[in-house]
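Below you'll find the structure, written out as structure tokens, and then a few comments.
Keep in mind the model is a prediction, meaning the values are calculated, not measured. Chain letters run A, B, ... following the sequence lines, proteins first, then strands; residues in each count from 1. What you see below is based on every heavy atom in this structure, not just the backbone, and it leaves out hydrogens, waters and symmetry mates.
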2 protein chains.
Amino acid sequence: MENRVREYREQAGWSQGELARRLSVSRQTVNAVETDKYDPSLPLALRMAALFGLEVRELFIDHWTPETEG
Amino acid sequence: MENRVREYREQAGWSQGELARRLSVSRQTVNAVETDKYDPSLPLALRMAALFGLEVRELFIDHWTPETEG
DNA sequence: GACCCATGTAAAGAGCTCTTGACAGGCACG
DNA sequence: CGTGCCTGTCAAGAGCTCTTTACATGGGTC
């Protein structure tokens with residue numbers, strides 16, 4: 001799952017630690033999301049999007065297509 | 001975390017099983033989300049919102065305020 | 001009653017999300 | 001060199017997400 005967290009964090013001029021503080025999560029969590037170790041939980045993704053003034057789908061891009069059959 | 005999945009699913013006229021099929025998850029997963037057993041993962045939340053033509057924040061409402069103190 | 005569909009729930013298990021604590025390398029500064 | 005900040009990573013552990021299988025209930029229909 002593609003994400004633009006680093007891009008918007010740097011635009012805001014924040015370090016990973018500073019962003020983590022604003023989201024009330026650990027620095028490792030921010031780092032893991034930025035380095036694609038795993039996707040954030042839904043509540044964390046919502047907070048991130050809110051913090052950057054974005055829609056969740058603008059910050060996290062899911063490449064998925066429904067089963068065309070059914 | 002508040003969510004309006006049931007509301008929009010019924011508006012669409014789908015059963016839990018039908019929605020699950022369209023999302024490629026199990027019926028139990030849809031049921032668990034609707035009955036607040038747990039929040040869906042971020043990719044699943046994005047697919048749900050896309051399927052209903054909504055923003056994620058319209059389907060899942062997070063009541064959270066940043067630590068006002070820093 | 002027998003059948004089908006929709007919903008709710010449970011239990012076991014695999015894999016994911018997040019935590020704390022720790023260690024490393026890079027860059028800037030005095 | 002020593003200090004401080006930023007980033008990347010690892011490991012152990014707690015708790016969450018989702019799966020499959022299964023069972024129970026209620027509604028509608030024949």
Query raised in the report: Does any non-hydrogen side-chain atom of B:L42 lie less than 4.5 Å from one of A:P40?
Result: yes
Requested in this report: Could you state the atom-to-atom distance from OH of B:Y38 to P of C:dC16 in whole Å?
Outcome: 15 Å
Query raised in the report: Where each residue is assigned the nucleotide of DNA chain C containing its nearest heavy atom, which of B:E34 and A:V25 is assigned the position nearer the 5′ end?
Result: B:E34
Query raised in the report: Is there side-chain contact between B:P43 and A:D39, with at least one heavy-atom pair below 4.5 Å?
Result: yes
Requested in this report: Could you go through the side chain to side chain contact (heavy atoms under 4.5 Å, CB included) check for A:L54 and A:M48 one step at a time?
Outcome: CA-CA 8 Å; A:L54 298 168; A:M48 286 178 160; over 6 Å; no
Query raised in the report: Do A:N3 and A:L59 touch side chain to side chain, with heavy atoms closer than 4.5 Å?
Result: no
Query raised in the report: Between C:dG15 atom C1' and A:D39 atom CG, what is the distance in whole Å?
Result: 13 Å
Query raised in the report: Should A:N31 be listed as having a side-chain N or O under 4.0 Å from OP1 or OP2 of D:dG8?
Result: yes
Query raised in the report: Do any side-chain nitrogens or oxygens of A:S41 fall under 4.0 Å of OP1 or OP2 in D:dT17?
Result: no
Query - OP1 or OP2 of D:dT9 under 4.0 Å from side-chain N/O of A:K37 - result: yes
Query raised in the report: Quick one: is C:dT20 close enough that its OP1 or OP2 comes under 4.0 Å of any side-chain N or O from A:S26?
Result: no
Query raised in the report: Separation of B:Q16 atom CD from D:dT19 atom P, in whole Å?
Result: 14 Å
Requested in this report: Check whether any side-chain nitrogen or oxygen of A:R9 sits under 4.0 Å from OP1 or OP2 of D:dC6, and answer yes or no.
Outcome: no
Report task. Would you mind reading off the distance between A:R47 atom CZ and C:dC18 atom C1', rounded to a whole angstrom? Result -> 11 Å
**Report entry** A:L19 CG to D:dC5 C1', straight-line distance once rounded to whole Å
**Finding:** 16 Å
Requested in this report: Remember a base hit wins even if backbone is also touched, and classify B:T29 as base, sugar-phosphate or nothing at under 4.0 Å, heavy atoms.
Outcome: base
Report summary line: Nearest heavy-atom contact between B:Q16 and B:N31 is OE1-ND2, 3.1 Å
Query raised in the report: Looking only at side-chain N and O atoms, does A:R27 come under 4.0 Å of OP1 or OP2 in C:dG21?
Result: no
Report task. Would you kindly give the CZ-to-P distance between B:R6 and C:dA6, to the nearest whole Å? Result -> 14 Å
Query - base_contact_polar (C:dG21 base, A:Q28 side chain, donor-acceptor, <3.5 Å) - result: yes
Requested in this report: Using atom CE of A:M1 as one end and atom P of C:dC16 as the other, report the distance to the nearest whole Å.
Outcome: 15 Å
Requested in this report: Nearest whole angstrom, please: distance from the P of D:dT17 to the CG of A:L44.
Outcome: 12 Å
